[in-house]
There are 2 protein chains.
Amino acid sequence: MNKTQPSPPCFLPVEEKINRVCMRLPCADRQHVVLTQLFKHIHGRLHERMNVVLREHNVNPVSFTALTMLYSAPDTVLNPSDLADSTGESRANVTRICDELVARGLLSREPNAEDRRRIDLRLAPDGSALVEALLPTLQSRVHSTYNVLNTKEKEQLERLMKKVLGALDQ
Amino acid sequence: MNKTQPSPPCFLPVEEKINRVCMRLPCADRQHVVLTQLFKHIHGRLHERMNVVLREHNVNPVSFTALTMLYSAPDTVLNPSDLADSTGESRANVTRICDELVARGLLSREPNAEDRRRIDLRLAPDGSALVEALLPTLQSRVHSTYNVLNTKEKEQLERLMKKVLGALDQ
DNA sequence: TGGGTTTTGTTCATAGGTGGATAATACAAA
DNA sequence: TTTGTATTATCCACCTATGAACAAAACCCA
């Protein structure tokens, strides 16, 4: 059971630079900077890998997240602002994304009967089909990465990240 | 000692949606999707927090990372492609960033004597001063987040993330 | 019933970022 | 030397994302 994990080669040069910064600026906490950079790098790689898979189907990560959120919604219907909340994108961006998805026939816009300010975004059959086709591929080509961790490690990682996110939430 | 960490409120709606997706698509591994979303959300928050601090000094995160990498370099000199590697940005983007930083007098461009294709980017005194002024602020307003974790948990998190990054590296 | 305040979705100007083409230089091999 | 290939930095066209401003509709409360 290894206690210390060797830095992956791609991260070594970055870690060296962090070490040198901290030598010049003793106030900086090396480990905290390292953690932030790790988050940045991992997120970047994950995003890039998703992009490779999605680009083959002419979708970008944000559009795909939107489709997935719709897929999971009751009746596969959401309003643009729900979608903005779910995806973390700005409402302006959601408008643009939906323009494109509607043009491709992956979802439809319908006026909401109860509140005339609202618009119902409904996932079209082609949209459902796309989500069902892509998720397994993402599963095997992106999410499978986590299988370097054993069950206990995955649980630890989930727990620690939720703790950090909670602290970032205030 | 808590074994399970409650999901922070901001993440609950996302986690619910993930659960519903996985109910409709049993092939999807719920935990892997959750981990990926956690990386995305944490990275987003960290980036946003940094932005708040940096914007007060009219710098964006990429520019600041570039300045920091220069700050840590021997003689505070790097070539544009070194900088692209260090920051993870494209070389085209580095050119644009440096245009701006040079215009603000934070660094200078000098021809490299040994290889005339190269350009030496040298951190100017104002650039050093900016790094030294901003790092402690980032430390207290961003990196301090990690203090919700105790020493052992920080080490665990660092170890687990390095393991994941290593797997993403191939 | 009115008046102000919120919420919703959209538009627009602009900033940020990328891939591909390009010119200049270095290098390697015949 | 010459010739071809690689590398370096830059420029350009294009795509993506954001914040501010806006109009329309809903809400709230005196």
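Naming convention: chains lettered A, B, ... in sequence-line order (proteins, then strands); numbering from 1 in each chain.
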Going by the rule salt bridge (Lys or Arg N to Asp or Glu O under 4.0 Å), which residues pair with [X] if we only count those two or more places apart in sequence or in a different chain?
X: B/Arg91; result: none
X: B/Arg116; result: none
X: A/Lys162; result: A/Glu158, B/Glu15

Exercise. How long is the line joining CD of B/Glu114 and C1' of C/dT25, in whole Å?
Worked result: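 After rounding, the gap between these two atoms is 15 Å.
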Problem set entry | Rounded interatomic separation in angstrom, taking CD from B/Glu110 and C1' from D/dA9 |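 Computing the B/Glu110:CD to D/dA9:C1' distance gives 16 Å.
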Exercise. Any salt bridge between B/Arg141 and B/Glu56, counting N to O under 4.0 Å?
Worked result: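 Here B/Arg141 pairs with B/Glu56 in a salt bridge, since their nearest N and O are under 4.0 Å apart.
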Problem set entry | Under-4.0 Å side-chain N/O to phosphate OP1/OP2 contact, A/Arg116 with D/dA26 |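 Yes, such a contact exists.
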For this session: For the helix from C/dG4-D/dC27 to C/dA30-D/dT1, figure out the bend between the end axes, five pairs an end, and round to 10 degrees.
Result: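 One end's axis against the other's: 20°.
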For this session: Using atom types as modelled and distance alone, determine if a side-chain donor or acceptor of A/His41 lies under 3.5 Å from a backbone N or O of A/Gln37.
Result: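 Side chain of A/His41 to backbone of A/Gln37, a donor-acceptor pair under 3.5 Å: yes, one is there.
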Exercise. Quick one: side-chain hydrogen bond (donor to acceptor under 3.5 Å, both in side chains) partners of B/Arg55, sequence neighbours excluded?
Worked result: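 Expected list: none.
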Problem set entry | Partners meeting side-chain hydrogen bond (donor to acceptor under 3.5 Å, both in side chains) with A/Arg30 (sequence neighbours left out) |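 Testing A/Arg30 for side-chain hydrogen bond (donor to acceptor under 3.5 Å, both in side chains), a comparison that skips the adjacent residues, returns none.
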Problem set entry | B/Thr68 and B/Ser72, any side-chain heavy atoms less than 4.5 Å apart |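 Side-chain contact under 4.5 Å: no.
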Problem set entry | Any side-chain heavy-atom pair of B/Leu54 and B/Pro61 under 4.5 Å |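 Yes; the side chains approach each other to less than 4.5 Å.
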Could you go through residues 121-132 of chain B and list every donor-acceptor pair under 3.5 Å that involves a side-chain atom there, pairing it with any protein atom two or more places apart or in another chain?
unit_1: B/Arg122; atom_1: NH1; unit_2: B/Glu110; atom_2: OE1; d: 2.7
unit_1: B/Arg122; atom_1: NH1; unit_2: B/Glu110; atom_2: OE2; d: 3.1
unit_1: B/Glu132; atom_1: OE2; unit_2: B/Tyr71; atom_2: OH; d: 2.7

What's touching nucleotides 14-19 of chain C from the protein side, N or O pairs under 3.5 Å?
unit_1: C/dT18; atom_1: OP2; unit_2: B/Ser90; atom_2: OG; d: 3.4

For this session: List in chain and number order the residues that pass ring pair (Phe, Tyr, Trp, His ring centres under 6.0 Å) with B/His32, two or more places apart in sequence or in another chain; answer none if no residue qualifies.
Result: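 Ring pair (Phe, Tyr, Trp, His ring centres under 6.0 Å) list for B/His32, sorted by chain: A/Tyr146.
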Exercise. Going from CD on B/Glu153 to CZ on A/Arg159, what distance comes out if it is rounded to the nearest 0.5 angstrom?
Worked result: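 Interatomic distance, B/Glu153 CD to A/Arg159 CZ, rounded to 0.5 Å: 5.0 Å.
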Exercise. With A/Ser140, which residues qualify under side chain to side chain contact (heavy atoms under 4.5 Å, CB included), at least two apart?
Worked result: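 Expected list: none.
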Find every protein N or O atom lying less than 3.5 Å from an N or O atom of nucleotides 3-9 of chain C, and list the pairs.
unit_1: C/dT7; atom_1: O2; unit_2: A/Arg117; atom_2: NH1; d: 2.8
unit_1: C/dT8; atom_1: OP1; unit_2: A/Arg118; atom_2: NH2; d: 3.4
unit_1: C/dG9; atom_1: OP2; unit_2: A/Ser81; atom_2: N; d: 2.9
unit_1: C/dG9; atom_1: OP2; unit_2: A/Ser81; atom_2: OG; d: 2.3
unit_1: C/dG9; atom_1: N7; unit_2: A/Arg91; atom_2: NH1; d: 3.2

For this session: Could you list by number each residue of residues 69-76 of chain B showing a heavy-atom separation from DNA chain D of less than 4.0 Å, or answer none if no residue does?
Result: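 The stretch gives none, as no residue of it lies under 4.0 Å from the strand.
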